[in-house]
Amino acid sequence: MARIMIVDDAEFMRMVIRDILVKQGHEVAAEVADGECAIQKYQEVKPDLVLMDIILPDMEGTKTLQKLLDLDPEAKVVMCSSLGQKAVVMESIKIGAKDFIVKPFEPDKVLEVIKKVIEPDN
C-alpha cells in the first residue's frame with residue numbers, strides 16, 4: 001500500500017479521496033489545501049504519491065507540480081481535474097505528472113490510476 005498526500009482546496013473533496021484511499025488500505029500521509037503547503041509538506045512527509053487538484057487558491061497546480069519536480073525529480077504526482085480542463089491536463093503531463101483523474105471520479109478509477117503509477121510493472 002502507498003503513502004499518499006492529497007492536495008485540494010475543497011475539504012469535501014479531500015474527505016472523499018481520503019475515504020477511498022483508507023478503505024483500500026492506503027495511508028494518507030498528509031492533506032493540504034494549497035500549493036505552498038503542498039511543497040512544504042511534501043518535503044516533510046515524502047509521500048509515495050501526490051494526488052493534486054489543478055486549481056489551487058495560491059498557485060496553479062501546474063506550477064506546484066513543477067516546483068515539486070524541481071525538488072524531487074522522482075516525485076509521482078497525479079493531477080485531478082474537472083471536465084473541460086483538457087489543455088491544463090496535457091500541460092501537466094508535459095511537465096511530468098504521471099497521470100490524471102477527471103472529476104467527478106469513481107473510486108475504482110482513482111485506485112486503478114494509483115496502482116498503475118505506484119506499481120507500473122503490474
Side-chain angles (χ1 to χ4, degrees):
M1 293 295 119
R3 296 179 66 247
I4 299 170
M5 183 169 87
I6 303 167
V7 183
D8 197 309
D9 62 329
E11 186 175 347
F12 173 75
M13 190 54 63
R14 293 196 308 269
M15 184 181 72
V16 169
I17 295 171
R18 178 185 342 117
D19 190 50
I20 293 169
L21 299 176
V22 171
K23 282 182 179 173
Q24 292 300 311
H26 293 292
E27 177 187 342
V28 176
E31 293 180 37
V32 296
D34 62 54
E36 283 297 332
C37 288
I39 292 164
Q40 290 175 5
K41 199 55 116 172
Y42 182 87
Q43 294 175 90
E44 289 175 33
V45 300
K46 302 204 182 310
D48 300 321
L49 177 78
V50 177
L51 291 176
M52 183 159 51
D53 192 11
I54 282 180
I55 306 297
L56 297 173
D58 61 337
M59 77 171 84
E60 291 290 324
T62 52
K63 188 171 182 181
T64 305
L65 169 65
Q66 184 64 64
K67 287 187 171 195
L68 284 178
L69 291 172
D70 288 345
L71 286 170
D72 179 4
E74 302 299 317
K76 295 176 180 173
V77 181
V78 172
M79 304 303 286
C80 300
S81 71
S82 299
L83 291 173
Q85 295 177 319
K86 186 176 180 182
V88 181
V89 168
M90 296 310 294
E91 182 184 349
S92 298
I93 298 295
K94 284 182 185 173
I95 291 170
K98 298 295 184 190
D99 210 330
F100 65 94
I101 300 168
V102 177
K103 298 177 188 175
F105 45 72
E106 294 294 323
D108 288 347
K109 177 63 178 172
V110 174
L111 297 170
E112 176 187 317
V113 168
I114 289 170
K115 184 173 182 175
K116 187 175 86 174
V117 172
I118 296 295
E119 304 170 16
D121 296 331
N122 290 333

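Along the sequence shown, residues carry numbers from 1. Quantities reported herein were computed from a predicted structural model and do not represent experimental measurements.
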Quiz item: So do the side chains of Asp9 and Asp34 get within less than 4.5 Å of each other, counting heavy atoms only?
Solution: no
Quiz item: Quick one: are Ser92 and Ile54 in side-chain contact, heavy atoms under 4.5 Å?
Solution: yes
Practice problem: Please examine the side chains of Val32 and Gln40, heavy atoms only from C-beta on, and report whether any two atoms are closer than 4.5 Å. | Solution: no
Quiz item: Looking at Leu56 and Gly61, what are the two nearest heavy atoms and their distance?
Solution: CD1-CA, 4.1 Å
Quiz item: Which value, rounded to the nearest 0.5 Å, describes the distance between Lys94 atom NZ and Leu65 atom CG?
Solution: 14.0 Å
Quiz item: If you measure from the Lys or Arg side-chain nitrogens to the Asp or Glu carboxylate oxygens, is any gap between Glu44 and Lys41 under 4.0 Å?
Solution: yes
Quiz item: What about Val7 and Tyr42, same hydrophobic cluster or not, with Ile/Leu/Val/Met/Phe/Trp/Tyr joined at side-chain heavy-atom distances under 4.5 Å?
Solution: yes
Quiz item: Is a side-chain N or O of Gln43 found less than 3.5 angstrom from the main chain of Ile39, in a donor-acceptor match?
Solution: yes
Practice problem: Identify whether Val113 and Phe100 are in the same connected component of the hydrophobic contact network (ILVMFWY, side-chain heavy atoms under 4.5 Å). | Solution: no
Exercise. Quickly, which of Met13, Met79, Arg14, Lys103 forms a side chain to side chain contact (heavy atoms under 4.5 Å, CB included) with Asp53? Name it, please.
Key: Lys103
Quiz prompt | SG-CG distance between Cys80 and Asp99, expressed to the nearest 0.5 angstrom | solution = 10.0 Å
Quiz prompt | Which atom of Leu69 lies closest to which atom of Ala75, heavy atoms considered | solution = CD2-O, 3.7 Å
Self-check item: Pair Asp72 + Lys46: basic N to acidic O under 4.0 Å
Solution: no
Quiz item: Can Met1 be reached from Ile17 by stepping across I, L, V, M, F, W or Y side chains whose heavy atoms are under 4.5 Å apart?
Solution: no
Quiz item: Among all residues two or more places apart in sequence or in another chain, which pass the side-chain hydrogen bond (donor to acceptor under 3.5 Å, both in side chains) test with Asp48?
Solution: none
Self-check item: Spacing of CD1 belonging to Ile95 relative to OG1 belonging to Thr64, to within rounding of 0.5 Å
Solution: 10.0 Å
Practice problem: Drop me the distance from Glu60's CD to Gln66's CD, to the nearest 0.5 angstrom. | Solution: 13.5 Å
Self-check item: For Leu49, the option from Val77, Leu21, Ile6, Ile114 that meets side chain to side chain contact (heavy atoms under 4.5 Å, CB included)
Solution: Ile114
Practice problem: To the nearest 0.5 Å, tell me how far Met52 CE sits from Ile101 CD1. | Solution: 12.0 Å
Exercise. Indicate the atoms forming the closest heavy-atom contact of Ala33 with Pro57, along with that distance.
Key: O-CD, 3.4 Å
Quiz item: Shortest non-hydrogen contact from Arg3 to Val45?
Solution: NH1-O, 2.8 Å
Quiz item: Can you check whether Leu71 reaches Lys67 side chain to side chain, under 4.5 Å on heavy atoms?
Solution: no
Quiz item: Atom CD in Glu119, atom CG in Asp121: separation rounded to 0.5 Å?
Solution: 9.5 Å
Quiz item: Shared ILVMFWY cluster between Val78 and Ile93, side chains joined below 4.5 angstrom?
Solution: no
Quiz item: Should Ile4 and Val16 be counted in the same cluster of Ile, Leu, Val, Met, Phe, Trp and Tyr side chains packed under 4.5 Å apart?
Solution: yes
